[in-house]
Amino acid sequence: MESAERPPLLLCDGTNAWHQDLASDRKRSLRGTLSHITDFLNDEANMGTSVPRHTVKLLRTLDLSENSLSELPEVLFQLTALRDLTAKSNALTGLPARLGQLTGLERLVLCENKLSVIPAAIGRLVLLRHLDVSKNILSALPDNICELFALQNLDLNGNRLADLPHNFGQLADLQELHVNDNRLSDLPESFYRLKRLEKLSLSNNMRLSHLRESLCELTALQELSVGGNLVGKLPRGTGQLKLLKRLTLNGNKLSELPVGFDQLTALQHLDLSSNRLSELPNGIAQLTMLQELRLGVNRLQILPEWLGQLTALQVLILSTNRTLSELPDSLGQLTGLRTLSASGTKLSKLPGSVSKLTNLQDLDVTGSGLIETPECIKELTALLSLKICRNYLPMLPELGHLTLLTRLEITGLKLRELPNCIGQLVALEDLYASQNLIVTLPESLGQLKSLTRLELSNNELKQLPETFRRLTLLQRLTLRNNRLDSLSEDDAISDLTALVVLDLRSNNLSSLPNGIGKLSQLTDLDISANDISVLPKTVSQLSALQVINVSENRRIAALPSDIGQLTNLRSMNLRGNDKLSELPVSIGQLVSLEELNTSEICNLSIPPQHVLKEGAQAAVEYLANLSAEHSSHVRIMILGPRFAGKTYLRTTLCYGPPTQDPNTGFLVRPAASLVETNSEKKEDSFGITEWRPQDDFVGEIWDYDYDTGNRDFLDIHRAFLTSRSLYVLVWKLGKTFMP
């Protein structure tokens with residue numbers, strides 16, 4: 001049968017399970033973890049696949065990606081039939097000369113490693129058509145790389161190359177070359193013999209300040225990217241690149257374009273952003289195939305009326321031209337326009353012709369100095385995203401007709417209310433209305449049943465509408481810096497069961513509703529800087545919670561005893577809650593806790609300060625140990641001056657009283673107490689001993705000299721006058737302390 005003659009496709013699913021597919025592909029292919037692959041290649045039985053060993057040696061495709069390899073395995077070089085080798089995202093620091101034995105290779109991918117050198121043996125891979133060594137630390141290429149005469153695609157992005165080999169032009173079949181993010185300052189003379197080159201990327205070579213006239217001889221170029229360099233002038237013959245479809249020149253020092261630029265009539269994408277252009281040359285009007293024109297971050301003051309001739313335009317970016325004061329009326333002729341950004345300009349109004357842009361999907365006029373309400377926006381019924389933040393509008397334009405809108409940003413407009421028509425935006429998913437003066441929200445807000453994100457920070461809100469509970473898809477709700485004294489009536493917050501992030505910082509909340517415990521998807525909760533005195537016990541039901549911030553609620557005296565049920569918690573901020581004297585022992589269950597902030601809490605004694613200074617996990621461990629003995633644990637503080645008999649009392653309680661030696665008549669302490677006394681409290685004037693007078697009772701006896709002046713133990717004062725503590729003052733009444 002024909003299918004039986006096809007070589008197998010061998011795949012590894014990350015386990016020892018190897019699979020064969022005799023019908024799906026003629027190539028022999030193998031991928032998986034290094035241990036599985038090497039075992040497979042070395043095993044005569046081929047891990048039970050019943051594939052003959054000679055078949056394995058005919059493998060054509062091998063993928064060793066993400067195996068933390070520091071070198072290529074030796075067994076690899078037996079695979080002389082290999083056509084495609086991928087070993088990206090490893091830790092390779094070098095390549096052996098034996099790589100040259102794989103003379104059948106057509107594709108070699110070694111990106112995202114730590115290669116500093118490519119061996120000269122690379123020149124023996126004469127069939128290689130695709131080579132990717134991007135994102136390594138190469139500072140030079142071997143001359144032998146220029147012997148890869150079949151090479152069509154070469155990716156050198158993200159290395160440290162200062163130049164290319166002088167005979168680079170020998171790669172006559174090269175069609176695609178990427179040398180972004182390197183250190184090139186020039187290209188070798190032979191480079192301009194690459195007559196078949198179609199794509200050339202030289203972006204972000206910060207030393208590249210000029211382009212040679214010879215570049216214009218590469219007439220097969222369709223894509224040229226030289227963004228992020230220091231180029232101040234384009235070659236005079238740039239217009240000869242008549243096949244050019246994409247030209248990226250952003251982030252240079254261009255103040256003008258050369259004569260003949262209008263001959264680039266095939267151009268579809270032109271990026272001139274972040275240059276020094278003060279005007280557009282009239283020649284651009286001839287680029288009628290242009291679909292994308294990026295002119296942001298320049299010095300443009302006006303746009304010519306001929307802009308309306310670019311009727312194929314779909315994307316027009318004018319942002320951050322801070323001297324641009326108006327848009328031409330001809331803008332309305334660009335009826336195919338889908339994206340228009342004029343943010344960061346000095347427009348005072350939008351021309352009425354904008355209303356003709358009926359295919360516009362994305363409009364951004366953030367911070368553009370608008371002082372007149374752009375009523376033309378109501379005609380843009382195809383809009384998906386509208387950003388009109390930080391302007392000086394007296395009111396919002398009519399928005400009710402924008403029923404396809406999914407994102408609306410109206411931050412920083414000093415609005416006192418949201419219009420009722422906002423409820424008609426039934427497709428809205430993201431609403432940003434922070435930094436306004438909004439006091440109340442319209443009931444119609446509850447009609448936005450597709451809403452997933454609502455940002456209302458820095459307003460004057462005192463309450464939420466009853467219809468708020470209908471926003472059942474809401475995932476992120478930010479209400480910080482308002483005047484809320486309650487969330488909602490009837491525990492309406494409990495209906496927002498999709499909430500992932502809830503930010504209520506800096507309000508006037510005195511309590512949280514019990515229904516908050518129903519927010520089973522909540523991962524981040526910020527209720528800091530409020531006036532909350534008690535956290536509801538239902539907070540402990542937020543099983544997905546990872547971050548909780550209850551700082552600066554200075555009336556909170558205790559946390560819920562079962563807060564330890566929040567086993568996914570990674571961060572807990574309690575800063576400034578200075579009425580807290582102890583943390584619940586259930587926190588000992590929070591094994592994932594990475595951050596515990598208890599700063600500015602002067603009276604916290606459990607855990608003690610010296611434990612808290614060691615970090616969150618030290619506190620968790622301390623409380624976990626304490627939890628096991630919580631019901632019968634007591635701390636006994638023995639206080640008094642030196643030589644008053646404190647240590648004698650401690651050791652007597654723990655090890656029993658001294659006994660009389662029958663031979664000498666002297667009183668003798670138990671041996672264990674002598675070892676303990678000699679090993680502790682010699683210089684520190686401080687000792688702790690565990691006391692277990694019975695199985696169900698555990699005591700910690702702290703023996704402390706209060707008059708030594710040793711500041712290392714000042715933190716112990718925090719343990720005074722706390723629950724489950726007994727204080728014993730030992731005072732010197734006579735000259736001897738022995739009975």
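All figures in this text were calculated on a predicted structure; none of them were measured in a lab.
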Exceeds 12 heavy-atom contacts within 6.0 angstrom, atom [atom1] of [X]:
X	atom1	value
Glu443	CD	yes
Lys387	NZ	yes
Arg338	CZ	no
Glu621	CD	no

Is [X] salt-bridged to [Y], going by a charged N under 4.0 Å from an acidic O?
X	Y	result
Glu460	Arg416	no
Glu429	Arg407	no
Asp562	Lys537	no
Asp495	Arg469	yes
Lys462	Asp485	no

Enter the distance from [X]:[atom1] to [Y]:[atom2] here, rounded to the nearest 0.5 Å.
X	Y	atom1	atom2	result
Leu477	Ser457	CG	OG	9.0 Å
Leu451	Leu471	CG	CG	6.0 Å
Leu454	Leu445	CG	CG	6.0 Å
Leu380	His401	CG	NE2	12.0 Å
Asp503	Ile527	CG	CD1	11.0 Å
Thr598	Leu612	OG1	CG	4.0 Å

Note, [X] side chain near [Y] side chain (heavy atom, < 4.5 Å):
X	Y	answer
Ser571	Glu594	no
Leu623	Pro607	yes
Arg650	Leu653	no
Leu425	Thr403	no
Cys389	Leu413	no

Where the side chain of [X] meets the backbone of [Y], is there a donor-acceptor pair that is under 3.5 Å apart?
X	Y	answer
Asn597	Ser599	yes
Ser450	Ala427	no
Asp524	Asp526	no
Ser551	Asn573	no
Asn458	Asn481	no
Ser605	Ser581	yes
Asp578	Glu600	no
Thr538	Asn514	yes
Gln617	Val591	yes
Asn508	Asp531	no

Can you see whether Glu552 engages Ser528 through a side-chain donor-acceptor pair at a distance of less than 3.5 angstrom?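 Per modelled atom types, Glu552 and Ser528 side chains form no pair under 3.5 Å.
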Would you say the side-chain atoms of Arg570 and Gln546 include a donor-acceptor pair closer than 3.5 Å?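 The answer is yes; a qualifying pair exists.
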List the steps and the verdict of side-chain contact (heavy atoms from CB on, under 4.5 Å) for Thr366 and Ile388. CA-CA 5 Å; Thr366 296; Ile388 51 177; over 6 Å; no
Option from Leu583, Leu593, Val611, Leu596 for which side-chain contact (heavy atoms from CB on, under 4.5 Å) with Val620 holds: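 Of the listed residues Leu583, Leu593, Val611, Leu596, the side-chain contact (heavy atoms from CB on, under 4.5 Å) partner of Val620 is Leu593.
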Residue pair Tyr432, Ile410: steps toward the side-chain contact (heavy atoms from CB on, under 4.5 Å) verdict: CA-CA 6 Å; Tyr432 296 80; Ile410 50 176; over 6 Å; no
